[in-house]
Protein chains: 2
Amino acid sequence: MTELFMSDNKKPGTTRKSGIREANTRQIIAAAEALFSEKGFNGTSTQEIADRAGLPKANVHYYFKTKQDLYSVVLQDILQGWQKDAEIFQRSSDPEEVLRSYIRAKMEHSFTRPKGSKMWAMEVIQGGPVMGKEIRKALVSWDDTVLQRIQTWIDEGKIQAVSPQSMLNMIWATTQYYADYDYQIRILNDNKRLTVAQREEAIEDVSRMILHGVLQ
Amino acid sequence: MTELFMSDNKKPGTTRKSGIREANTRQIIAAAEALFSEKGFNGTSTQEIADRAGLPKANVHYYFKTKQDLYSVVLQDILQGWQKDAEIFQRSSDPEEVLRSYIRAKMEHSFTRPKGSKMWAMEVIQGGPVMGKEIRKALVSWDDTVLQRIQTWIDEGKIQAVSPQSMLNMIWATTQYYADYDYQIRILNDNKRLTVAQREEAIEDVSRMILHGVLQ
DNA sequence: CCAATAGTTGACCAAAAGGTCAACTTACAA
DNA sequence: TTGTAAGTTGACCTTTTGGTCAACTATTGG
């Protein structure tokens, strides 16, 4: 993430002045992620971001040339989080173990930090108007890595012969759903947030259905 | 759907003047659905909607008091489409047959008319700021109907004992994904739209994984 | 044919929003 | 201590936008 949010800014040569730049930058990004995920790009004003970050609007523009720049940086940040969740695919070669761990990580991610997922979803739904080439590249290379691993499982006869992309899509779709659609889930749960027990049940159910669905 | 989009308007007592009102109304709704799904509520201007519908802006406001009213009507329309897809649950009691048909209907719906799904997704992601009570009610009652049917399958031992809501969530999540995330799917498919064959493969894969995952 | 209702539309307005700027303050290296 | 770079900020500008309105035309029932 470092060096990213300074890309097109008047970045100082070396970091000085204690950590003012970094501290403010972080606050702005956090505020932006929250607001963009709640109200979308167009629904969020730079003024609101500034207020939430506790700074005057002009200060936000001092660190991020435009609203789009800021948005783009936040998106990049989010993708990195998911890439971490997927490191499991490299650490083990047992499909059941990997899938269980991955689904759990992804589901917990969805429950505890849904904001990023929502923001990403809205960007993708709208056809990636802001998402830049770099982000797309990162996405593709991450996808490739995971697909390769799934393919080896198929070659070894460990799992069903479905298209690896279809399988990954299903995992992605289902786990993201618990973040993106949390509002709908709440409506269909008597207007109550899922309890910890319900979350655990959801993780179990999703794991069971997917594992049962793809293992031989 | 009839009578809905006139709710808070100066509706004429009886329909006269050939079908001017209905024709214009339909055009506006179609334009609105397309634009809202591409750019969200805040990203779409009434002027754009008017242009796409081939009318002056003031005319749009003549039929729909506010942008929100229009948005709300379109949402309602979308939910109705999905309710139709789910009628299958009432027409057969064999889980394999029902699920196969439903998944296919939903997937084809996603491929051929992704706009509605996208608009719905954005609304839900943002916490349903416009969605009214009626829409929520319709959603809940539709959900209940489907859950009951799934529960009977469980009681009869025809499918695995997962929570019916978890199961429906997975079906929903996965099928909607092919509409909402079509842009991401394209990126991960060499930047090419899925071919008809690929769509068919996706439908097959999704059906197989879900059926294999939930049937005994 | 005519009055009344429905539909049309250009002009207009106030509010909001993204972004700029120049003056100002703070921090630090030497 | 002091010069310079970094950071701060209120005021301002321009554009966009949702919505209004009054004047106008078209349609239709009687």
Side-chain angles (χ1 to χ4, degrees), chain A residues 2-3 5-29 31-32 35-36 38-74 129-130, chain B residues 2-3 5-29 31-32 35-36 38-74 129-130:
Chain A
T2 337
E3 288 297 338
F5 36 79
M6 314 180 172
S7 49
D8 268 338
N9 282 0
K10 339 150 178 176
K11 54 189 155 191
T14 55
T15 306
R16 266 174 43 182
K17 207 121 179 182
S18 47
I20 293 185
R21 189 175 196 88
E22 176 156 346
N24 283 347
T25 289
R26 287 209 180 285
Q27 274 198 306
I28 294 169
I29 290 182
L35 287 165
F36 284 143
E38 280 166 28
K39 331 216 283 182
F41 180 78
N42 289 293
T44 303
S45 67
T46 53
Q47 184 64 63
E48 284 174 295
I49 296 172
D51 288 348
R52 182 147 179 166
L55 300 164
K57 188 179 68 163
N59 208 337
V60 171
H61 278 101
Y62 174 71
Y63 288 107
F64 299 91
K65 210 166 190 311
T66 66
K67 197 167 88 161
Q68 277 214 10
D69 282 357
L70 172 53
Y71 183 86
S72 188
V73 167
V74 180
V130 180
Chain B
T2 337
E3 288 297 338
F5 36 79
M6 314 179 170
S7 48
D8 269 337
N9 281 359
K10 338 145 181 183
K11 54 189 153 192
T14 56
T15 306
R16 268 174 41 182
K17 204 122 178 182
S18 48
I20 293 185
R21 189 176 195 86
E22 175 156 343
N24 282 347
T25 290
R26 287 210 180 283
Q27 274 198 305
I28 294 170
I29 289 181
L35 287 165
F36 284 143
E38 279 165 29
K39 330 214 285 182
F41 180 78
N42 289 293
T44 303
S45 67
T46 54
Q47 184 63 63
E48 283 176 295
I49 296 172
D51 289 349
R52 182 147 181 167
L55 299 166
K57 189 180 66 163
N59 210 335
V60 171
H61 278 102
Y62 173 71
Y63 289 106
F64 299 91
K65 209 167 192 309
T66 65
K67 198 167 88 162
Q68 276 213 11
D69 281 356
L70 172 54
Y71 184 87
S72 188
V73 167
V74 179
V130 181

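Reckoned from all heavy atoms, side chains included, excluding hydrogens, waters and symmetry mates. Remember, it's a predicted structure, so these values are computed and weren't measured experimentally. Each chain gets a letter, A, B and so on, in the order its sequence line appears, and its residues count up from 1.
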Atom pair distance, as rounded to whole Å: CG in B:N42 and P in D:dT16
17 Å

Euclidean distance, atom CD of residue B:Q47 to atom C1' of C:dG10 [Å, nearest integer]
11 Å

Using only side-chain N and O atoms of A:N24, determine if any of them is under 4.0 Å from OP1 or OP2 of D:dT8.
yes

Can you check the A:L35 CG to C:dG18 P distance for me, whole Å?
11 Å

Taking only the side-chain heavy atoms of B:H61 (C-beta and beyond), determine which of C:dG18, D:dG19, D:dG7 contains the nearest atom.
D:dG19

Using only side-chain N and O atoms of A:R21, determine if any of them is under 4.0 Å from OP1 or OP2 of D:dA6.
no

Using the rule given for side-chain contact (heavy atoms from CB on, under 4.5 Å), can you reason through A:F41 versus B:K39, listing the C-alpha separation, both sets of side-chain angles and the distance that settles it, and then say yes or no?
CA-CA 10 Å; A:F41 180 78; B:K39 330 214 285 182; over 6 Å; no

Once you round it to whole Å, what is the distance between P of C:dA11 and CG of B:N59?
16 Å

Does C:dA17 have OP1 or OP2 sitting under 4.0 Å from an N or O in the side chain of A:T46?
no

Expressed as a whole number of angstroms, how long is the span from A:K67:NZ to C:dA16:C1'?
11 Å

Close N or O pairs between protein and nucleotides 21-23 of chain D (under 3.5 Å):
none

With a 4.0 Å limit, can you tell me whether A:Y62 has a side-chain N or O closer than that to the phosphate oxygens OP1/OP2 of D:dT8?
no

Under 3.5 Å, is there an N or O donor on one side and an acceptor on the other linking the side chain of B:K57 and the base of D:dG18?
yes

Does A:S45 offer a backbone N or O that forms a donor-acceptor pair with the side chain of A:K57 under 3.5 Å?
no

Side chain of B:P56: nearest nucleotide among C:dT9, D:dG19, C:dG18?
C:dT9

Between A:L70 (CG) and C:dG18 (P), how many Å, whole number?
11 Å

